[in-house]
Amino acid sequence: MLPPRSVPAAATAALLLASAGTLLFGSSTNGRAADPAPDCGTSGLVRETLPNGTRWQLCWHVDAKTGLVLEQVAVRARGATAPVRVLGSITMAQLNVPYDSGTNEWNDITSYGFGGDRMQTLTGEDCRGGSRRPAATGAGPAGNRVLCVSEERSGPAFRLNDEATAETFSEQGDDLVLRTYSKVGWYEYVNEYRLSDDGVISVGLGATGDLSPYDFSGPTDGWPVGVGESDHASSHHHSAFWRVDFDLDGQGGEGVEQYDTAPTGDRGRRSAILATTRTPVATEATATVANRRWWRVASPTSLNADGHPRSYELALTGGDSYEAHPETIPDVTFTQYRECEKFATFNTDPECQARTILDYTNGEALTDPVLWVRVGYHHVPRDEDQSPMPVHWQGFQLVPRDMFATNPIGPSARATINGRP
């Protein structure tokens, strides 16, 4: 069993008592004693029970470079007796922005940072219906309100018309949303985490602000904006990286598995027969998206009520890779946890000689895996980007796979449906 990750006592920590960082939108206990709060030290605390009973709790602080950092993220399903840890930490690890014209290229995280004086103080409109939280950002006053914590409807959660009873079960879902804004150059970035009532964690980076007035080029590497064909705003890439450190059930020692499904060449009564193979990722490696390929991080010791290992699946829909840099090609990189490996590229921690994710993959056994998830977006400007630019998004999801024995927000009337009916 691995010890919990320690939170560095740095100037960038949110100098906030845990109790001051608590948000409860509704009844937090449902008639039971409250769960013990995680020890957040000088970081902030968020503890929220969503309307259908799912509870999330976590610690947070602001890093001068990576911006918003979530730690000790845990979820408790309705009716469960205790929360289950999911993540040790998650934060951005790089944002590479090269322009198609070849004139400019930026690394917004390591060269500038999402924290410090680039993290924006929230207005009321930035956090309508939510709670604005103060933090030390590494620059400026410590009391600036930079984190928005809110509850938002997520749309249909499930629907079932039971033909046997003619009863219809339908429910709308809810998300706990944490969001910050950072201004780097002409862009303003929305750093967002959505923690859903069914246990899904949606990770997103939104881009808004303005097109760079210094990056206008020609018709082959840009797009005409404004009147006529004289002004071509240069197209460019946003290669965003996140560093994801799992800590399933607080026990560590997770394993990484890759699953591939392919036709066997045989046919059944009505369709082709496909077979799924599992390949353990035992050592550090890079990987790319393929048809019917996915990965999960599984606990070797923590089981759900059905006796299945708890795990989370990495859900990627693919993102534009930037072929000019080898480190912006893999969709995900699996490395052994090392505290000094902080950034996907241009890592400057003196304790680490390795500078990129490709240097990190040097054959070590994966006994405490870290995922470096890259999602790319090739931005070809359009007239509608002026001005301000509508938010465009890139990101991924972490989806529970056997974290729970049944649907954690399912209706009680269906609770006995578990396995073949």
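Remark: side-chain polar atoms of Arg78 are paired, donor with acceptor, to backbone N or O of Gly410 under 3.5 angstrom. At least one donor-acceptor pair under 3.5 Å links the side chain of Arg374 to the backbone N or O of Pro330. Panel note: side chain Ser321, backbone Glu323; no donor-acceptor pair is recorded below 3.5 Å. When atom types are taken as modelled, the side chain of Asp198 and the backbone of Ile409 share no donor-acceptor pair closer than 3.5 angstrom. With hydrogens and angles ignored, the 3.5 Å screen pairs a side-chain donor or acceptor of Thr54 with a backbone N or O of Asp197. A donor-acceptor contact shorter than 3.5 Å links the side chain of Lys65 to the backbone of Thr110. Under a 3.5 Å cut-off, the side chain of Gln336 and the backbone N or O of Thr367 do form a donor-acceptor pair. Put simply, the side chain of Thr264 never gets that close to the backbone of Ala275: no donor and acceptor are under 3.5 Å apart. Checked by atom type and distance alone, the side chain of Asp245 never pairs as donor or acceptor with a backbone atom of Gly88 at under 3.5 Å. A donor-acceptor pair under 3.5 Å links the side-chain atoms of Thr208 to the main chain of Met389, judged by distance alone.
Remark: the Arg310 side chain and the Ser302 side chain contain an N/O donor-acceptor pair separated by less than 3.5 Å. In the model, Asp385 has no side-chain atom that pairs as donor or acceptor with a side-chain atom of His392 under 3.5 Å. For the residue pair Asp108 / Tyr189, a side-chain donor-acceptor distance below 3.5 Å is found, with atom types taken as modelled. Between the side chains of Ser196 and Asp175, at least one donor N or O lies within less than 3.5 Å of an accepting N or O. No side-chain donor from either of Ser239 and Thr328 sits under 3.5 Å from a side-chain acceptor of the other. For the 3.5 Å distance criterion, the side chains of Asn418 and Asp306 qualify, holding a donor opposite an acceptor. Side chains of Glu327 and Thr356: a donor-acceptor N/O pair is absent below 3.5 angstrom, by distance only. Judged purely by distance below 3.5 Å, without hydrogens or angles, the side chains of Asp210 and Ser387 pair a donor atom with an acceptor atom. Thr335 and Glu284 are not linked by any side-chain donor-acceptor pair at a separation below 3.5 angstrom, with hydrogens and angles left out of the test.
Heavy atoms only, all atoms of each residue included: Met119 and Gly67 are closest at CE-CA, 4.1 Å. The two atoms that bring Ser182 and Phe114 nearest to each other are OG-O, 2.6 Å, heavy atoms only. The minimum heavy-atom distance between Ser299 and Pro309, with the atom names listed, is O-CB, 3.5 Å. Here the closest non-hydrogen pair linking Gly130 and Ser150 is CA-CB, 3.8 Å. When all heavy atoms of Ser43 and Trp60 are compared, the pair lying nearest together is CB-O, 3.2 Å. Minimum interatomic distance between Arg267 and Ala272 (heavy atoms only, all atoms of both residues): NH1-N, 3.6 Å.
No option in Tyr187, Tyr377, Tyr322 other than Tyr187 meets the ring pair (Phe, Tyr, Trp, His ring centres under 6.0 Å) test with His236. With Thr91 as the partner, the side chain to side chain contact (heavy atoms under 4.5 Å, CB included) test is satisfied by one option alone out of Ile109, Asp63, Val69, Leu68: Val69. The side-chain hydrogen bond (donor to acceptor under 3.5 Å, both in side chains) test with Asp260 is passed by exactly one of Arg292, Arg293, Arg278: Arg293.
Residues Glu229 and Pro219 fail the side-chain proximity criterion, which asks for heavy atoms closer than 4.5 Å. Residues Tyr181 and Leu122 are in side-chain contact: their nearest non-hydrogen atoms beyond the backbone lie under 4.5 Å apart. Side-chain contact between Leu176 and Val149 is present, with heavy atoms from C-beta onward closer than 4.5 Å. No side-chain heavy atom of Trp106 sits under 4.5 Å from any side-chain heavy atom of Val184. No side-chain heavy atom of Asn144 sits less than 4.5 Å from a side-chain heavy atom of Thr137. You'll find the side chain of Pro51 reaches within 4.5 Å of the side chain of Glu151, heavy atoms only. Counting heavy atoms from C-beta on, the side chains of Leu95 and Tyr112 never come closer than 4.5 Å. Residues Thr103 and Ser217 have side chains not in contact (no heavy-atom distance under 4.5 Å, counting atoms from C-beta outward).
Heavy-atom neighbours of Gln353 CD from other residues, nucleotides or ligands within 6.0 Å: at or below the threshold of 12. Atom CH2 of Trp393 sits in a crowded spot, with more than 12 heavy atoms from other residues, nucleotides or ligands closer than 6.0 Å. Residue Tyr259 places its OH atom among more than 12 non-hydrogen atoms of other residues, nucleotides or ligands, all under 6.0 Å distant.
Annotation: the span from Tyr193 atom OH to Leu178 atom CG amounts to 9.5 Å, rounded to 0.5 Å. Separating the NE2 atom in His378 from the NE2 atom in His238 is a distance of 9.5 Å, to the nearest 0.5 Å. Separation of atoms SG (Cys127) and CZ (Arg179) is listed at 7.5 Å; rounding is to 0.5 Å. Once rounded to the nearest 0.5 Å, the distance linking CG of Leu314 with CZ of Phe334 reads 6.5 Å. Interatomic distance, Leu366 CG to Thr283 OG1, rounded to the nearest 0.5 Å: 6.5 Å. Taking CG from Leu58 and OG from Ser89, the interatomic distance works out to 12.0 Å, rounded to the nearest 0.5 Å.
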- [ ] For side-chain contact (heavy atoms from CB on, under 4.5 Å), just list the numbers for Leu211 and Trp223, CA-CA rounded to whole Å, side-chain angles, deciding distance to a tenth of an Å, and then say yes or no.
- [x] CA-CA 12 Å; Leu211 295 173; Trp223 192 268; over 6 Å; no

Open item on the list: Set out, in order, the CA-CA distance, both residues' side-chain angles and the distance that settles salt bridge (Lys or Arg N to Asp or Glu O under 4.0 Å) for Arg243 and Glu341, then state yes or no.
Closed with: CA-CA 10 Å; Arg243 183 182 186 274; Glu341 294 176 351; over 6 Å; no

TODO: Report the C-alpha separation of Val375 and Leu205 in whole Å, then their side-chain angles, then the decisive distance to 0.1 Å, and conclude whether the side-chain contact (heavy atoms from CB on, under 4.5 Å) test is met.
DONE: CA-CA 10 Å; Val375 181; Leu205 177 68; over 6 Å; no

TODO: Go through the steps for Asp249 and Arg85 under the test salt bridge (Lys or Arg N to Asp or Glu O under 4.0 Å), then give the verdict.
DONE: CA-CA 4 Å; Asp249 209 7; Arg85 180 81 62 85; over 6 Å; no

- [ ] Please assess Phe343 against Thr66 for the test side-chain contact (heavy atoms from CB on, under 4.5 Å), listing each intermediate value before the final yes or no.
- [x] CA-CA 9 Å; Phe343 305 104; Thr66 67; 3.7 Å; yes

- [ ] Decide side-chain contact (heavy atoms from CB on, under 4.5 Å) for Arg414 and Phe158; before the verdict, give the C-alpha distance in whole Å, the side-chain angles of both, and the deciding distance to 0.1 Å.
- [x] CA-CA 12 Å; Arg414 307 292 294 179; Phe158 58 78; over 6 Å; no

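Between Glu152 and Arg194 there is a salt bridge, with a side-chain nitrogen of the basic residue lying less than 4.0 Å from a carboxylate oxygen of the acidic one. Ion pairing between a basic and an acidic side chain is recognised when a charged N comes within 4.0 Å of a carboxylate O; Arg296 and Glu313 show no such pairing. Using a 4.0 Å cut-off between charged nitrogen and carboxylate oxygen, Asp174 and Arg153 count as a salt-bridge pair.
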